[in-house]
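These notes concern the structure reproduced below.
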Amino acid sequence: MRLILFIVLLYQTTMAQVHTITGTVYSEEIPLEGASIVVRGTNVGTITNSEGQFNINISSDDPSEIIISSLGHKPHVATVDSSVNLGIIELQVDDSFQEVVISGTLKPVSKLESPVPVEVYSHAFFKANPTSSVFEALEYVNGIRPQLNCNVCNTGDIHINGQEGSYTMVLIDGLPIVSGLSTVYGLSGIPQSLIDQIEIIKGPASTLYGSEAIGGVINLITKSPEKTSKLTMDSFVSGWGELNTDVGYSYSLSKNSTGLLGINYFNYSNPIDKNDDGITDLTLQDRISIFQKLNFGNQLSLSSRFVYEDRWGGELNWTPKYRGGDQVYGESIYTRRFELFGRYQFNKNLFLQFSFNDHDHDSVYGDTVFNANQSISFGQLIWNNSFEKHELLFGLTYRYTFYDDDTTATFDEVTRLNQSEKTHLPGIFVQNLIELKDTSELLLGLRYDYNSLYGNILTPRLNYKLSNKNRTSTLRLTAGSGYRVVQVFTEDHAALTGARDVVFLNDLDPERSWNVNLNYVKNIYFKKGVILDFDFSVFGTQFSNKIIPDYDTDPNKIIYDNLNGISITQGASLNVNLLSQSGYRINLGATYLDSYIKEDEVKTRPYLTERFQGVWRLEKKWLSQNIIMDLTGVTVGPLKLPKLGELDPRPSFSNTFNIVNLQITKIWNNTIESYGGIKNILNYTPPANSISRPFDPFDTEVTFDAAGNALPTDNNPYALTFDPSYVYTSNQGIRLFFGLRWSLN
């Protein structure tokens, strides 16, 4: 029997001949080290050496194909025959490795081919540091800084390259959903699990998007139902008692119709006062958001979202029975918001975009009541076509804005009645993308708008792109104009107490800006499957007609007028990204800013504008254990802070501060992930005196002169009043968090 077994084994060994296959792998005429060589359908494989060479033993019983691949390259399949030397194998750089972007030209193109510099951040980027809102998540994007404007209600705006949040247009699927009154509230409650990617344009984009796109655009692209798991859930809790839950469900209505339902719920109901100033360190919130997206074939896409939020901050013993009174101080905001937006494709060259949002705002700030309603209707008809070396895009737009509140903002002195503000904004724009050579393009654009309040507005732009032959280096030059029709009262509603008179010295003209941006991107493909890319920009923006509210000339008035001078924002930014097949990912970013206002030859620095900002992320994957570690951080330089007068003893500038977070993720299978970690490891919090006189929120112990100015007294030697605007970052210190993700594919 043993003899028979030996003969069988000897026969099989003799019949199964072994071939040694050799070859050399190149990329762009450079030997590629670390490329993967795998026999199709088996676990047999190897990698190339420092010279790009490999050899692999293949049995005649194995399949006759091997796959050669490397990160950032298109895979190559080689057929194995009697030849044992495959010679030189050239891997091509994979252009599809570049994300597809829409925001720059309103047409889907790869980021590499876009003539407009667009930064793209995928859903995976934000998973490295889970947050309860997109507003918080954007803190770790270079050049983007969510700015808190109130220590009590924790509302704020988003700065792009140091410019105030009112200059940032926020879009969902390319449509202007978030603007004016609803900027920070609209960014809360968007289920992050349903966001496919976020596209960011820094600099004026008014040629395509009109008013508010003067400083930049943030476009939230939601997932398609067809590309989403059947059922998903992502929920986490923090050591402060925060609970955030995202649920997504995709379904089919018919053979060609699909739907996507997303629900976000956030709750924080644990008043904490670690700095012992008598005021909540973090605003308490109870929020629910319901998102629905329907795709009817490739012709119609329709989405809607409803958001309800109840948030309050103030003295720890505040309850709703004190709302609007002067016994216990609290800032309470009820928000109801509805959005409807979609796209209808008539044919391959013609489509219609439309949106509607209604925002109802019911709020009190101590004993000051502020109620407002804003509705925005928008429609945009787009036609595009290609002719030889020209890609033409033509658009007709219309935007209607309704705004009303219960302050002096909408009070008519003549009729003595409250009158809502209604704005009609029709427009037309055209752009032409011209292919000059295989490696260069020129984009020309022009927009005309007619504002029913401000008249004619014209905004041009020019973009030039130059790439090398293998598309690893790209230079982009952008120049253009932006404009903003100021909605004064929606941007400064907290200051409008009803006791101040609103004064316009002249008819306000739209704010205008001119911007120049030079952007250079370099992709380097190293040996061992390492990709390194640099993204460097220098930029400059000059504003004219800037409208700056004057609260200081007369304490009983808010005086508005166009700036008789210029406002400059200029600087440079650098992003460095490294990706390795061995499981490392490093993202580094830094931005330097020089911002100033020049009037009557006098330069002043704007409030709450940093000189520099840095962000970083380190990711390490242990593939065999299915463990991922993410270390993220942000550094913000000194900010000029709003003091309450010359006697105010608080510093005029904040300190440089760092926020660092650590997260560990364990992937158990294709269905379950668990994650947890520490936020704000360095336990940084702003000074405890950020709120002026928190013990006297109604100024009952402050002495004022006849003009309404606070006077220094024995119990108030610095002539201060209650004020929560001396703020630049959250009061939340170090805290643990833990979460769970579950999906059913």
Side-chain angles (χ1 to χ4, degrees), residues 132-133 148-156 184-185 188 237-244 265-288 308-336 361-371 406 493-499 644 650 680 683 685-704 710 713 715-716 718 720-736:
S132 61
S133 71
L148 290 177
N149 293 330
C150 176
N151 258 318
V152 180
C153 63
N154 288 167
T155 57
V184 67
Y185 306 105
S188 299
V237 295
S238 79
W240 274 49
E242 299 161 287
L243 169 65
N244 185 80
Y265 178 69
F266 176 76
N267 182 272
Y268 170 66
S269 307
N270 183 32
I272 292 177
D273 179 25
K274 291 194 174 183
N275 61 6
D276 295 324
D277 64 356
I279 302 292
T280 51
D281 290 342
L282 182 67
T283 303
L284 285 81
Q285 300 173 57
D286 190 22
R287 180 180 67 240
I288 187 167
Y308 174 78
E309 182 183 72
D310 174 3
R311 70 161 61 196
W312 74 269
E315 295 183 89
L316 299 182
N317 61 332
W318 186 91
T319 62
K321 73 177 183 179
Y322 297 111
R323 193 174 194 267
D326 59 2
Q327 291 182 282
V328 180
Y329 187 84
E331 296 186 3
S332 171
I333 303 169
Y334 299 144
T335 301
R336 295 176 181 84
H361 198 79
D362 178 359
S363 60
V364 297
Y365 302 87
D367 57 358
T368 300
V369 177
F370 177 78
N371 295 315
D406 57 4
H493 64 269
L496 290 171
T497 64
L644 292 177
R650 297 176 296 179
N680 197 358
N683 197 29
T685 54
N689 62 352
S690 294
I691 298 180
S692 170
R693 293 181 64 84
F695 53 86
D696 185 21
F698 296 101
D699 292 333
T700 57
E701 300 177 16
V702 178
T703 302
F704 297 91
T713 59
N715 67 346
N716 187 18
Y718 303 116
L720 302 179
T721 58
F722 174 76
D723 181 69
S725 63
Y726 186 90
V727 59
Y728 52 92
T729 191
S730 173
N731 283 310
Q732 276 192 293
I734 187 171
R735 58 200 183 278
L736 298 173

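Counting begins at 1 with the first residue of the sequence.
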### Query
To the nearest 0.5 Å, what is the distance between CD1 (Ile691) and CG (Asn731)?
7.0 Å

### Query
Under the side chain to side chain contact (heavy atoms under 4.5 Å, CB included) test, which residues partner Thr283, sequence neighbours left out?
Asn154, Gln285, Arg311

### Query
Are any of the side-chain heavy atoms of Glu331 and Thr280 separated by less than 4.5 Å?
no

### Query
Any sub-3.5 Å donor-acceptor pair from Asn680's side-chain atoms to Arg735's backbone N or O?
no

### Task
Without swapping roles, check the side chain of Asn683 against the backbone of Ile734 for a donor-acceptor pair under 3.5 Å.
yes

### Task
Give a yes or no on whether the backbone of Thr721 and the side-chain of Ser692 come within a donor-acceptor separation of less than 3.5 Å.
yes

### Message
For Phe370, is there any backbone N or O sitting under 3.5 Å from a side-chain donor or acceptor partner on Ser363?
### Response
yes

### Task
Check Ser730 against Pro686 and note the closest heavy-atom contact, atom names and distance.
O-CD, 3.2 Å

#### Entry: Closest approach of Arg650 to Ser690 (non-hydrogen atoms, all atoms of both residues)
NH1-O, 3.1 Å

#### Entry: Any residue meeting ring-ring contact (aromatic ring centres under 6.0 Å, His included) with Phe266, in chain and number order, not counting sequence neighbours
none

### Task
Quick one: list whatever passes side chain to side chain contact (heavy atoms under 4.5 Å, CB included) with Ser238, sequence neighbours left out.
Trp240, Glu242, Phe737

### Message
Checking Asp696 now: which residues fulfil salt bridge (charged side-chain N to carboxylate O under 4.0 Å, His left out) with it, not counting sequence neighbours?
### Response
Arg693

### Query
Less than 4.5 Å apart, any side-chain heavy atom of Ser332 and any of Val364?
yes

### Steps toward side chain to side chain contact (heavy atoms under 4.5 Å, CB included) verdict (Ile333, His361)
CA-CA 7 Å; Ile333 303 169; His361 198 79; 3.6 Å; yes

### Task
Answer yes or no: is there a donor N or O on one side and an acceptor on the other, between the side chain of Asp281 and the main chain of Lys274, under 3.5 Å?
yes

### Query
Is the side chain of Tyr334 donor-acceptor paired with the backbone N or O of Arg336 at a distance under 3.5 Å, no angle test?
no

### Message
Counting only heavy atoms from other residues, nucleotides and ligands, does the tally under 6.0 Å from OH of Tyr718 exceed 12?
### Response
no

### Task
Kindly give the heavy-atom pair with the smallest separation between Val702 and Ala710, and that separation in Å.
CG1-CB, 3.9 Å

### Task
Could you walk me through whether Thr335 and Arg287 pass side chain to side chain contact (heavy atoms under 4.5 Å, CB included), step by step?
CA-CA 9 Å; Thr335 301; Arg287 180 180 67 240; over 6 Å; no

### Query
Going from CG on Asp367 to OH on Tyr322, what distance comes out if it is rounded to the nearest 0.5 angstrom?
15.0 Å

### Task
Mind checking ring-ring contact (aromatic ring centres under 6.0 Å, His included) for Trp318 and listing every partner two or more places apart, or none if nothing turns up?
Trp312

### Message
Centre-to-centre under 6.0 Å for Tyr329 and Phe698, is that the case here?
### Response
yes

### Query
Checking side chain to side chain contact (heavy atoms under 4.5 Å, CB included) against Asn267, which of Asp286, Asn244, Leu284 comes through?
Asp286

## Note on the structure
Output for pair (Tyr728 OH, Asn151 CG), nearest 0.5 Å, gives 9.5 Å

#### Entry: Spacing of OH belonging to Tyr308 relative to CD1 belonging to Ile288, to within rounding of 0.5 Å
11.0 Å

### Message
If the condition is ring-ring contact (aromatic ring centres under 6.0 Å, His included), which residues does Phe704 pass it with, not counting sequence neighbours?
### Response
none

### Task
Output yes when a side-chain donor or acceptor of Asn716 lies under 3.5 Å from a complementary backbone atom of Glu701, and no otherwise.
no

